[in-house]
Every structure is written in structure tokens, then in C-alpha cells.
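Because the structure is predicted, anything quoted here is derived from the model rather than measured. For this chain, numbers begin at 1 and follow the sequence in order.
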Amino acid sequence: QVQLVESGGGLVQAGGSLRLSCVASGRTFSSYNMGWFRQAPGKEREFVAAISRSGGSTYTADSVKGRFTISRDNAKNAVYLQMYSLKTEDTAVYYCAASKRVLGLQFGSSYDYWGQGTQVTVSS
């Protein structure tokens, strides 16, 4: 059983930045690939970014490429999402997730554990 706790969300003006954090319980954090997803009200959950177990490979959705960066620190059981140049369309609840799989990380069905989510609101 893995528990994921997100933090760092909040209200920011368009063009600003935020850094989201996700801290995992347990002693096997480094065995999981990690991902970030987001969901706006009335919309489907959307893939944002993923990172491999060692942090050597990352994958970023086209909608956020060049603006968002995913990273991890296995010594701290943590994964991060650094967001720059935020747009109003980035407003959503952001979720951290953990997966034992190495393929299909852009799909939510590939993940075994999910955090509770943290709200990001970008104002005009």
C-alpha cells in the first residue's frame, strides 16, 4: 500500500509559476514510475507528465511542453512538478500517481495509486 500526499497548489496570476510536491509513504518509492495528471470541472482527467524510476526519462504532454518540468528525489520519496508561464487553461485539480508499469504512462489506467489532488487556479 502506497499513500501519496500532494501540496503546493494555490492561486496564481497568468504568467506566474508554482511548484507542486508529492510525498509518498513506504520504502519502495524508487520502484515506481510516477506521473502527474490534472482534471478541470466537467472535463476528463488529462495526462500532464511522467518520470521513470531513476528519473532518467521524462514524458511531458504537448499542452505543457516547454512550461512544466517533472522531477523526483528518491531519497526524499518525492516527485515534483515545476510549472512556469501558467495560463488560465491550466486551472485544474492536479493529481500525483504511482505505477509499477513502464508502458502507457500517459494513461491513468496504468497507475496503481493516486493522491488526493491539489487545486491550481490561474487568474487573468
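- When atom types are taken as modelled, the side chain of Gln39 and the backbone of Ala92 share no donor-acceptor pair closer than 3.5 angstrom.
- A distance of 10.5 Å separates CZ of Arg53 from OG1 of Thr28, quoted to the nearest 0.5 Å.
- Counting only distance, with no hydrogens or angles, the side chain of Ser57 and the backbone of Ser52 share no donor-acceptor pair below 3.5 Å.
- Under a 3.5 Å cut-off, the side chain of Asn74 and the backbone N or O of Phe29 do not form any donor-acceptor pair.
- Under a 3.5 Å cut-off, the side chain of Thr91 and the backbone N or O of Val122 do form a donor-acceptor pair.
- The main-chain N or O of Ser124 is never found under 3.5 Å from a side-chain atom of Thr88 such that the two would form a donor-acceptor pair.
- Considering only heavy atoms from C-beta on, Asp73 comes within 4.5 Å of Tyr80 through its side chain.
- In this structure, the side chain of Glu6 does not engage the main chain of Cys22 through any donor-acceptor pair within 3.5 Å.
- Side-chain atoms of Ser21 never come within 3.5 Å of backbone atoms of Gly8 as a donor-acceptor pair (strictly under, hydrogens ignored).
- Phe47 and Thr60 get closest at one heavy-atom pair: CE2-C, 4.3 Å.
- Here the closest heavy-atom approach between residue Arg72 and residue Ser30 is recorded as NH2-CA, 4.1 Å.
- A 4.5 Å side-chain heavy-atom check between Trp114 and Arg45 finds at least one atom pair inside the cut-off.
- No donor-acceptor pair closer than 3.5 Å links the side chain of Asn33 to the backbone N or O of Ala50.
- Looking only at side-chain heavy atoms (C-beta outward), Glu46 and Ser63 come within less than 4.5 Å of each other.
- Ser110 and Leu103 get closest at one heavy-atom pair: OG-O, 3.7 Å.
- Counting heavy atoms from C-beta on, the side chains of Arg38 and Val120 never come closer than 4.5 Å.
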Is there a salt bridge (Lys or Arg N to Asp or Glu O under 4.0 Å) between Asp90 and Lys87 once you walk through the steps?
-> CA-CA 5 Å; Asp90 295 319; Lys87 306 174 181 179; over 6 Å; no

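- Closest non-hydrogen pair, Gly117 versus Val93, comes out as CA-CG1, 3.8 Å.
- Centroid-to-centroid, the aromatic rings of Tyr111 and Phe37 come within less than 6.0 Å.
- Residues Tyr32 and Ala98 share a closest heavy-atom pair of CD2-CB, 3.8 Å.
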